[in-house]
Amino acid sequence: MNFKNKPALRTISVALLFFLALFVWTLWQFHFNYMIASNDTFFHSERIAEIRLAFLNHSLPSWVNFNSFFYTGQAINGMYPDFTLWPLVLVTNFLTPIHQIIAIKSLIFGLTFIVSFLSLNKRFDSQNAILAASVFTLSGSALRDLVTEMQTGSAIVMIFAFPIIFTLKEAVESKQINPRLIIKTALLMTIVINSHLLSAVAITLIAGIFLVIESIIKKTYIPWINLTVAALLTVILCLPIIYRLVTISKTGLLSPFGKGHILSDPIWTLFIKSRWNSKSAISLASILLLVATFIGIKKDKLKQLLPWLYIELALILFSTNIIPWGFLGHVPIINNFQVANWRFAPFLGMVPIIFVLINFSQKTARIIMLAMTVIAYPFALKVALTSQYHKKANLPIVTENTQKFVPQNTDAKLTSTGITSDKLIRTLIPDYSPDTTKLQKDSGGLNLDPQLVYLLADHLGTIKGRDVLLQHTSTVNSLTLTGENVPKGKITLPVFGYSSLNYRITLNNKPADWSINNSFITVNSPKNLKTATYSITQIQPRFYPSIIWMSFVLFIALLGILITPTVKKIWAK
């Protein structure tokens, strides 16, 4: 880019404006010393807290949660993809816990802008690309993850939304075996899988449909070769997460809530429920771009626009009840979707931007994108202010000293010491629990049995029909529970046990006689004990770090192969 010409300066100015706004928002959030949290924000905040603690102790994150989610040893860490979150946690670990989470949200937001610009800049005018990246990031899914409900896994996927859609389209339409395309596809899908598994399934489903159609129409098998090799390479790169998932799943786990019953809405709800920061519907920004395109559509651009139109229509259809989800709810893996628009609607914001950039001349597209950018900033500001202040004055402030339970569907002001509070009922969930765990009747798998909630929330062991209050302390891979006046016999601890994992369990510093009973670890006390200290350590397989290093080195090597020609071109200039 030539920094001496006016177009380059305009591009830089737009970027500087964006990062200035993001910096101001970040400082504004920092000064509160708390974060407004709702719904999945609690879930992902506790995941970040577990990774943070592990890195501060120079250790890999545990497979089970001894420091969050009510300290129950639940396998959320092991079953939820987290590798793409690791570097974000690592570079922000010098901050306080709540500032770290805010910084991670800002980093994801900033990276979404940068990667979107770089991807669009390869195909369109730089000024249009930077404005388009601004519109995309300051609306829809990206904006919601920043200022409303944080869902880090899917948010990280959206960083690479444009590279993913361009690369998969190129792969589906490929006419020759292309090693660089194979590597690029594998690297991108590795990032997706290591961020959010169901996003990977949704992307694969849409790409698979177009692959089949393209193969039938053009009678070609080349795309199948490129994508099959890319898939095999992706499997190798994702071996650490695959190994973890398979190992933990051998225990037998509860199905996700609503498994086999995928909820979906009529198509009109995608538009009726539209907001500027919509994630489960089409955003207002996307609607405006679609209207502009259809009003000014150019006949000579139809051939270029049609493939993108088909992609957008597919995403819209899969976000609604037009697709026979009753049938697909019986298909393995897809039956975990829970709600259709959660999986597909976040991707609806890309194609309308591509429509405008393809359909109009550079000058006209720039006017449209400039107007949209000017609109985007006040709309984004309004969303941010609403999320921070609207009906939020009387929210409970959660700290380590919070005594009252915060109900499941209540928002809260989360502080550094309250992130892993055992008063947040929202984080007492059945996700990834052993399949013998009792659930609340008629809850569709959403809630644990009330008796279990009582025992886990209050950290109570049970022995001979009696409840024993247990005080807890924890480290990265271990949990210590201490009870007073524990009678002789078998005590069931409020800690999940997974038969496929290795544990070291002691009673008063001596190896204990233990078993897993109805999902929970049960320890036998050979005599009455005035003080009983139970120590539970989950031992990770020795070769797990080796698999991580192998995948990491391979990923970096492939990335190096991919970017070397580009680096040489830049160096030559």
Side-chain angles (χ1 to χ4, degrees), residues 18 21-22 25 39-41 105-106 108-117 119-120 129-165 192 195-196 199 202-203 206 265 267 269-293 308 311-316 318-320 339-357 368-369 371-387:
F18 175 88
L22 179 58
W25 181 88
N39 302 321
D40 281 354
T41 302
K105 292 202 295 181
S106 296
I108 292 173
F109 194 71
L111 287 170
T112 303
F113 175 81
I114 292 170
V115 175
S116 298
F117 164 67
S119 183
L120 291 167
I130 201 75
L131 292 169
S134 299
V135 175
F136 178 71
T137 313
L138 289 166
S139 63
S141 175
L143 181 63
R144 183 174 181 83
D145 278 306
L146 178 71
V147 303
T148 313
E149 181 183 5
M150 180 182 73
Q151 295 174 318
T152 51
S154 57
I156 292 173
V157 172
M158 295 309 295
I159 293 174
F160 302 92
F162 281 105
I164 289 168
I165 197 170
V192 175
S195 304
H196 194 241
S199 289
I203 290 168
I206 296 295
D265 294 322
I267 191 169
T269 60
L270 279 183
F271 299 89
I272 295 299
K273 293 183 178 180
S274 179
R275 301 289 184 272
W276 188 261
N277 63 327
S278 292
K279 187 169 185 175
S280 57
I282 192 167
S283 71
L284 286 174
S286 295
I287 291 176
L288 290 174
L289 292 171
L290 287 173
V291 170
T293 302
W308 297 108
I311 292 171
E312 187 76 349
L313 286 174
L315 289 168
I316 289 173
F318 273 85
S319 299
T320 68
V339 182
N341 55 358
W342 290 359
R343 310 307 170 198
F344 298 94
F347 300 100
L348 287 170
M350 297 176 289
V351 172
I353 287 173
I354 297 171
F355 273 170
V356 170
L357 297 177
I368 294 171
M369 285 301 174
M372 288 296 299
T373 302
V374 170
I375 293 171
Y377 276 99
F379 267 87
L381 177 61
K382 182 178 183 297
V383 171
L385 292 172
T386 300
S387 298

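In this structure, the side chains of Met158 and Ile108 stay at 4.5 Å or more apart for every pair of heavy atoms. The closest side-chain heavy-atom distance from His196 to Arg343 is below 4.5 Å. Taking 4.5 Å as the limit, some side-chain heavy atom of Trp25 sits within range of a side-chain heavy atom of Leu146. Annotation: side chain of Phe136 is in contact with side chain of Thr112 (closest heavy-atom distance under 4.5 Å). Ile282 has its side chain within reach of Phe271: a pair of non-hydrogen atoms, C-beta onward, lies under 4.5 Å apart. Using a 4.5 Å cut-off on side-chain heavy atoms (C-beta onward), Ile165 and Trp308 make contact. Between Leu313 and Leu315, every side-chain heavy-atom pair lies at or beyond the 4.5 Å cut-off. For the pair Ile353/Phe162, a side-chain contact is recorded, criterion being any heavy-atom separation below 4.5 Å from C-beta on.
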request  = Go through the steps for Phe109 and Phe18 under the test ring-ring contact (aromatic ring centres under 6.0 Å, His included), then give the verdict.
outcome  = CA-CA 10 Å; Phe109 194 71; Phe18 175 88; 5.4 Å; yes
task = List the steps, then state whether side-chain hydrogen bond (donor to acceptor under 3.5 Å, both in side chains) holds for Thr148 with Asn277.
result = CA-CA 9 Å; Thr148 313; Asn277 63 327; 3.1 Å; yes
task = I would like to know whether Leu289 and Met372 meet side chain to side chain contact (heavy atoms under 4.5 Å, CB included); could you show each step before the answer?
result = CA-CA 8 Å; Leu289 292 171; Met372 288 296 299; 3.8 Å; yes
ask   = Could you go step by step and tell me if Phe347 and Ile203 meet the side chain to side chain contact (heavy atoms under 4.5 Å, CB included) rule?
value = CA-CA 9 Å; Phe347 300 100; Ile203 290 168; 4.0 Å; yes
inquiry  = Could you go through Phe355 and Leu290, starting from their C-alpha distance and side-chain angles, then the distance that decides it, and tell me whether this counts as side chain to side chain contact (heavy atoms under 4.5 Å, CB included)?
reply    = CA-CA 8 Å; Phe355 273 170; Leu290 287 173; 3.6 Å; yes
inquiry  = Under the criterion side chain to side chain contact (heavy atoms under 4.5 Å, CB included), I'd like the reasoning laid out for Lys105 against Asp145: C-alpha separation, chi angles, the key distance, then a yes or no.
reply    = CA-CA 7 Å; Lys105 292 202 295 181; Asp145 278 306; over 6 Å; no
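Taking all atoms of both residues into account, the shortest heavy-atom contact from Lys273 to Ser278 is O-OG, 3.7 Å. Closest non-hydrogen pair, Trp276 versus Leu288, comes out as CZ3-CD1, 4.4 Å. Between Glu149 and Asp40, the closest heavy-atom pair is OE2-N, 3.0 Å. Here the shortest heavy-atom pairing between Ser283 and Ser139 reads OG-OG, 4.5 Å. Of all the heavy atoms in Ile287 and Ser274, the pair that sits closest is CD1-OG, 3.5 Å. Shortest non-hydrogen contact noted between Ala281 and Leu348 is C-CD1, 4.5 Å.
To the nearest 0.5 angstrom, Phe160 atom CZ is 7.5 Å from Ser195 atom OG. With values rounded to the nearest 0.5 angstrom, Leu22 atom CG is found 4.5 Å from Ser106 atom OG. Here the straight-line distance linking atom CD of Gln151 with atom CG of Asn39 works out to 8.5 Å at 0.5 Å rounding. Here the straight-line distance linking atom OG1 of Thr320 with atom CZ of Phe344 works out to 10.5 Å at 0.5 Å rounding. Considering CD1 of Ile368 and OG1 of Thr373, their distance stands at 11.5 Å, rounded to 0.5 Å. Taking OG1 from Thr137 and CG from Leu111, the interatomic distance works out to 10.5 Å, rounded to the nearest 0.5 Å.
Just one of Ile311, Ile267, Val351 meets the side-chain contact (heavy atoms from CB on, under 4.5 Å) condition when paired with Ile316; it is Ile267.
Under 3.5 Å, the side chains of Ser154 and Lys279 contain a donor-acceptor pair of N or O atoms.
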